[in-house]
K.L.:
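Have a look at the structure that comes next, please.
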Amino acid sequence: MTGKNTTTESIRLPRHVAIIMDGNGRWATSQGKRRTSGHRAGAESVRRAITFARRNGIQALTLFAFSSENWGRPAREVNVLMELFMGVLKREVAELAEHNIRLSIVGDKSAFSARLQKQIATAEEKTAHCTGMMLNIAANYGGRWDITQAAKKVAGRVAAGELTPADITEDDIAEGMCLAGQASPDLLIRTGGDIRVSNFLLWQLAYAELYFTDVLWPDFDEMTFAAAIDCFVRRERRFGLTSAQIQELAGTGNLQEG
């Protein structure tokens, strides 16, 4: 992932990585299997991605598991996804806690069954004490929904007289978002070959580096993840500044990590 003379300390690893896990169904179809088998294979890739992120010091990993648009898929596929989600929560939460990984399910959880909502709450509670990597699973999530519900919270504060419209800042909106309090993603990875963000973290991805790969999610492994990280560390992140300004900040030590 790095050059021969490059140390972990000298490269700028992303603090927060977000992944759109795409291609499960196409992976299954290409092998003559049902689409649902692709989702089961994809669960193994989730485990590999979490392990890679933890071992490489990534502070937060956000995985797009189920979008608000995915309810329109065939009922059988949706049911399998819900049961798979339930099973993963039951099986993996103990290992997450063991590795000091805190789990958060982000999205509109009210649409899930009472049984699944209870399992989500239990899994989050069992890892609430963890202080290591943050693992966000975006389920029934949409970027526009996230912004809308944050705007409603701000509107509520205005109605209560806590805030005036003229005083509303980006921070006020960000505080109402699902990932409030976390650093925005530095890197977005999308598997499966499509080149779009698909209503994922629209607010938070404003300055993220984007990396697209044709690899289908069940085939996503440590080498694929490492290739994305390698591409990230070779890019110059300017945040609206010039290259000369970035070099000057780097020379003075005032350039923040990530």
Side-chain angles (χ1 to χ4, degrees), residues 1 12-31 35 38-54 56 58-73 77 81 84-85 88 104-107 133-147 177-179 182-237 258:
M1 186 169 68
R12 307 178 65 78
L13 292 175
R15 295 167 298 174
H16 187 167
V17 176
I19 305 179
I20 298 177
M21 306 178 293
D22 198 14
N24 289 341
R26 282 173 286 157
W27 180 88
T29 301
S30 69
Q31 299 194 22
R35 287 176 55 87
H39 296 304
R40 294 190 177 90
E44 294 301 316
S45 295
V46 169
R47 187 177 292 107
R48 289 195 297 266
I50 294 170
T51 299
F52 179 93
R54 177 179 61 83
N56 286 277
I58 292 170
Q59 298 171 21
L61 179 66
T62 299
L63 305 176
F64 201 8
F66 189 83
S67 77
S68 51
E69 291 81 17
N70 286 157
W71 292 109
R73 293 189 174 188
E77 183 173 345
L81 282 168
L84 183 61
F85 190 17
V88 169
S104 177
I105 308 301
V106 299
M133 189 179 80
M134 189 75 196
L135 174 62
N136 304 298
I137 303 295
N140 194 28
Y141 175 89
R144 291 179 176 177
W145 166 85
D146 199 2
I147 295 170
M177 309 285 283
C178 283
L179 299 184
Q182 299 186 43
S184 294
D186 302 298
L187 171 64
L188 169 71
I189 301 170
R190 179 170 186 149
T191 64
D194 287 333
I195 306 176
R196 55 178 178 267
V197 297
S198 295
N199 197 24
F200 183 46
L201 300 178
L202 298 180
W203 177 278
Q204 297 89 342
L205 292 177
Y207 280 102
E209 296 296 321
L210 309 182
Y211 180 87
F212 300 97
T213 175
D214 290 334
V215 172
L216 302 176
W217 179 247
D219 292 327
F220 188 87
D221 56 16
E222 293 82 358
M223 294 298 293
T224 316
F225 206 153
I229 298 295
D230 186 61
C231 183
F232 173 86
V233 300
R234 295 172 188 274
R235 297 183 187 180
E236 180 183 71
R237 307 186 73 203

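Everything numeric here is computed off the predicted structure, so don't read it as measured data.
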K.L.:
Taking side chain as C-beta onward, heavy atoms only, is Leu135 less than 4.5 Å from Ile50?
P.N.:
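The answer is yes, as the side chains (C-beta and beyond) meet within the 4.5 Å cut-off.
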K.L.:
Check whether any side-chain heavy atom of Trp145 sits under 4.5 Å from a side-chain heavy atom of Ser68, and report yes or no.
P.N.:
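Not touching, per the 4.5 Å side-chain cut-off.
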K.L.:
Taking all non-hydrogen atoms of both residues into account, name the closest pair between Leu187 and Phe232 and its distance.
P.N.:
CB-CD1, 4.0 Å
K.L.:
Over all heavy atoms of both residues, which pair between Ile58 and Ala60 is shortest? Give the atoms and the distance, please.
P.N.:
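Smallest interatomic distance, heavy atoms only, reads CG2-O, 3.2 Å.
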K.L.:
Which atoms form the tightest heavy-atom contact between Ala139 and Ile105, and what is the distance?
P.N.:
CB-CG2, 4.1 Å
K.L.:
Quick one: side chain to side chain donor-acceptor pair (under 3.5 Å) partners of Trp217, sequence neighbours excluded?
P.N.:
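Trp217: no side chain to side chain donor-acceptor pair (under 3.5 Å) contacts found.
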K.L.:
Could you grab the distance from atom CD1 of Ile20 to atom CG of Leu201, nearest 0.5 Å is fine?
P.N.:
8.0 Å
K.L.:
Can you name the nearest heavy-atom pair linking Asn56 to Leu13, along with the distance?
P.N.:
O-CD1, 3.5 Å
K.L.:
Closest heavy-atom contact between Tyr141 and Val106?
P.N.:
CB-O, 3.9 Å
K.L.:
If the condition is side chain to side chain donor-acceptor pair (under 3.5 Å), which residues does Ser45 pass it with, not counting sequence neighbours?
P.N.:
Arg48
K.L.:
Under the salt bridge (charged side-chain N to carboxylate O under 4.0 Å, His left out) rule, what pairs show up with a residue in residues 18-27, not counting sequence neighbours?
P.N.:
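For residues 18-27: Asp22-Arg26, Asp22-Arg190.
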K.L.:
Rounded at 0.5 Å granularity, tell me how far CG in Leu179 sits from OG1 in Thr62.
P.N.:
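Taking CG in Leu179 and OG1 in Thr62, the distance rounds to 5.0 Å.
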K.L.:
Can you name the side-chain contact (heavy atoms from CB on, under 4.5 Å) partners of Ser30, sequence neighbours left out?
P.N.:
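If we apply the side-chain contact (heavy atoms from CB on, under 4.5 Å) test to Ser30, skipping adjacent residues, there are no hits.
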K.L.:
In the structure I gave you, are the side-chain heavy atoms of Leu216 and Thr191 within less than 4.5 Å of one another anywhere?
P.N.:
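Not touching, per the 4.5 Å side-chain cut-off.
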K.L.:
When you measure from the side chain of Ser198 to the backbone of Phe200, do you find a donor-acceptor pair of N or O atoms at a distance under 3.5 Å?
P.N.:
no
K.L.:
Go through the structure and list residues passing side chain to side chain donor-acceptor pair (under 3.5 Å) with Arg73, not counting sequence neighbours.
P.N.:
Glu77
K.L.:
Using a 4.5 Å cut-off on heavy atoms from C-beta on, say whether the side chain of Gln204 contacts that of Met177.
P.N.:
yes
K.L.:
Donor-acceptor pair, distance only, cut-off 3.5 Å: does the side chain of His16 make one with the backbone of Asp186?
P.N.:
no
K.L.:
Between Asp146 and Cys178 (side chain of the first, backbone of the second, donor and acceptor by atom type, cut-off under 3.5 Å), is there such a pair?
P.N.:
yes
K.L.:
Applying salt bridge (charged side-chain N to carboxylate O under 4.0 Å, His left out), name anything that partners Arg196, two or more places apart in sequence or on another chain.
P.N.:
Asp194
K.L.:
How far does CD of Glu209 sit from CZ of Arg235, to the nearest 0.5 angstrom?
P.N.:
5.0 Å
K.L.:
Would the distance check show the side chain of Asn140 and the main-chain N or O of Gly107 forming a donor-acceptor pair, the cut-off being under 3.5 Å?
P.N.:
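Side chain of Asn140 to backbone of Gly107, a donor-acceptor pair under 3.5 Å: no, none is there.
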K.L.:
If you measure from CG on Asn24 to NE2 on His39, what distance do you get to the nearest 0.5 Å?
P.N.:
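Asn24 CG to His39 NE2: 5.5 Å, rounded to 0.5 Å.
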K.L.:
Would you please test Ile189 and Val17 for side-chain contact (heavy atoms from CB on, under 4.5 Å) and show each step?
P.N.:
CA-CA 8 Å; Ile189 301 170; Val17 176; 3.9 Å; yes
K.L.:
Check side chain to side chain donor-acceptor pair (under 3.5 Å) between Ser67 and all other residues, then give those that pass, not counting sequence neighbours.
P.N.:
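Once residues adjacent in sequence are excluded, the partners of Ser67 under the side chain to side chain donor-acceptor pair (under 3.5 Å) criterion are Glu69, Asn70.
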K.L.:
In Å, rounded to the nearest 0.5 Å, how long is the span from CH2 of Trp27 to CZ of Phe220?
P.N.:
16.0 Å
K.L.:
State which residues pass ring-ring contact (aromatic ring centres under 6.0 Å, His included) with Phe212; sequence neighbours excluded, sorted by chain then number.
P.N.:
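Per chain and number, Phe212 pairs via ring-ring contact (aromatic ring centres under 6.0 Å, His included) with no residue.
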K.L.:
Determine the minimum heavy-atom distance between Pro185 and Ala208, stating which atoms define it.
P.N.:
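In terms of heavy atoms, the two residues are closest at O-CB, 3.4 Å.
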K.L.:
CG of Asp230 to CZ of Phe225: how many Å apart, nearest 0.5 Å?
P.N.:
13.0 Å
K.L.:
What verdict does the ring pair (Phe, Tyr, Trp, His ring centres under 6.0 Å) test give for Phe85 and Phe66, after you've listed the backbone C-alpha separation in whole Å, the side-chain angles of each residue and the deciding distance to 0.1 Å?
P.N.:
CA-CA 10 Å; Phe85 190 17; Phe66 189 83; 8.6 Å; no
K.L.:
Name all residues meeting the side-chain contact (heavy atoms from CB on, under 4.5 Å) criterion together with Ala65; count only those two or more places apart in sequence or in a different chain, and write none if there are none.
P.N.:
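Once residues adjacent in sequence are excluded, the partners of Ala65 under the side-chain contact (heavy atoms from CB on, under 4.5 Å) criterion are Met21, Ile137.
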K.L.:
Run the side-chain contact (heavy atoms from CB on, under 4.5 Å) test against Leu202 and tell me which residues pass, sequence neighbours left out.
P.N.:
Arg144, Ile147, Val197, Asn199
